[in-house]
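To find a chain, count down the sequence lines: A is the first, B the second, and so on, and within it residues start at 1.
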Amino acid sequence: MNTPLFQISNISKSFTDQRRGLNVTALQNVSLEVYPNDFVSIIGPSGCGKTTLLYLLAGFLKQDTGTLLYHDNPITAPDSKRTVIFQEYGLFPWKTVRQNVEFGLKVRGIPIAEQHRIASEYINMVNLNRFEHHYPYQLSGGMKQRVGIARALACDPEVILMDEPFAALDNITREVLQEEIRKIWETTHKTFILITHYIDEAIFLSQKVVMMTARPGRIKEIVKITLPGKRTSDIKTHPEFIALKNKLAHGIREEIEKQVEDKWPILSKEKGEIKIN
Amino acid sequence: MKGIITIVVIIAIWQVASFAGLNPYVLPSPSDIFLAFVDSVKDGSLLKHSWASFQRVGVGIILAFCLSLPVAVTLALNRILREFLLPVIEGLRPVPPIAWIPVAILWFGVRGDAGSYFIVFIASFFPLFINTFTAVGHIEPIHINAARALGARRRHIITDIAIPSALPYLITGLRISIGVGWMSLIAAEMVVSFQGTGLGYMFQLNRDVNNPADVMVNTFTIGLIGYLMNALIIQIEKRLLLWRPVQI
């Protein structure tokens, strides 16, 4: 049996809203194990602490209680072994495509010729060779995220943490990039953890989908994704895919409705009237 | 380019007006001003005074830059120091730089260049401080997080993230400082003779000896040097900030 890569046990995290002096519990007693070469997606209603969980795994934040182990060691700081792909890309606007991709190699003190070779490899992989000397502002959203992907892969991480990476993209671009990520996962055998609110995306890419509750975020259910055959865009119309989608959508909807009840108890009396899309 | 046409047209009209009998003590003709310019270049006085002023602005701004940078970065990052010191800085900032001229005389006398450095320093410190302070506050957390998740240590975050993202603000601060520093210096030189040099001093001298053409040479030289310093900064900015979308 595999040993888990991440062991998350009973993690809680809350934030203080400085202006209003409120204490907001983002995560409550979250436990989860992630194994090497897993592709795990985390879905849940907005504000359920998905991003907080990812930032804890990355080492950007520290949990209030509970333990968070990576290779049996507590996570204390960010590390290029657990790199991140951000929703807003997080590219350095003052660096060209090539310089962005080389950054992770440069800070590790890799010789320049080697930096160049590795960067070229990943720039080719995401089909940006014609744009390597462009600055981020000259690229489309999809191209920017390809740079984000190349930059993450270039530093040869074990884990890629993705925070709603395709949320800012149009539908077609999103689907193309999903397929590319799937291919990268199949060929590189790295571990992927994806935060998303697109149910399709979660099912299409993952082996496991972790569904979270409305705030305070807890784990509602872990759904194993087994689909027959190869994951190409055709799979999205397969009955099993649709069944999974309905199941997950139902679960998320329940959580959103609960949130509505908490926020607007008067409205929820006429629950039949409320439509949540 | 079109600006040059405007200038040529103005000079032509002016010259015609002078021929037609414009009082040369009110406004000397362009040809007289040009002759005065040639004379002051020949005897070296224009260059001497220009260099004196230019050097004072340079020293004053370098001093202001060297002090404002660490102070602004420290205050931006340290809340306690900020709470103690920011009110002092904000309280001194509205004082016009030329209002410090009497203080400069009291502290540094009227002989050496120290007083002039002080005036330029005071004039340029505040714009540099404000811009650097803003710059540090505007480093995007996502850039720092991205850098750390790619393995960057503190050193790389300073050289590769903090400095480049602060640079546009620093250059803006520098441009404002040079403008304000230059104006304040000329005013100070008109009041204090310093070493008996400087364009502001030359101004007073030529006015005292009733030399209107030389006064005009002075005026235009002050404008021209100010313009060139600004143009230089704009060129530097263009070179350094290629990564930004073209702005008007």
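Taking CZ from A:Phe103 and NE2 from B:His156, the interatomic distance works out to 7.0 Å, rounded to the nearest 0.5 Å. Here the CG-NZ distance, from B:Leu150 to A:Lys106, works out to 12.0 Å after rounding to the nearest 0.5 Å.
Proximity to chain B is limited to the backbone of A:Leu91, based on heavy atoms less than 4.5 angstrom apart. Contacts of B:Ile161 with chain A are made by both backbone and side-chain atoms, with heavy-atom separations under 4.5 Å. Looking at B:Leu242, both its backbone and its side chain come within 4.5 Å of chain A, counting heavy atoms on both sides.
Residue A:Phe15 places its CZ atom among more than 12 non-hydrogen atoms of other residues, nucleotides or ligands, all under 6.0 Å distant. Atom CZ of A:Phe131 has more than 12 heavy atoms from other residues, nucleotides or ligands within 6.0 Å. Counted within 6.0 Å of CZ on B:Phe108, heavy atoms from surrounding residues, nucleotides or ligands total more than 12; the atom is thus considered enclosed. Taking a 6.0 Å sphere around CG of A:Leu177, one finds it holds more than 12 heavy atoms contributed by other residues, nucleotides or ligands.
Checked by atom type and distance alone, the side chain of A:Ser80 never pairs as donor or acceptor with a backbone atom of B:Ala149 at under 3.5 Å.
Between chain B and the options A:Arg82, A:Arg108, A:Lys81, A:Arg151, heavy-atom pairs under 4.5 Å are most frequent for A:Arg151. For the set A:Pro157, A:Ala152, A:Pro78, the count of heavy-atom pairs under 4.5 angstrom toward chain B peaks at A:Pro78. Each of A:Gly104, A:Pro93, A:Cys155 has some count of heavy-atom pairs under 4.5 Å with chain B, and the biggest count is that of A:Pro93.
Two residues are said to be in side-chain contact when any heavy atoms from C-beta on lie closer than 4.5 Å; B:Asn145 and A:Val84 fail this criterion.
Residues B:Trp243 and A:His134 keep their aromatic ring centres 6.0 Å or farther apart.
Residues B:His143 and A:Phe92 come closest through the heavy atom pair O-CE2, 3.4 Å.
With salt bridges taken as basic N to acidic carboxylate O contacts below 4.0 Å, none links B:Arg148 and A:Asp79.
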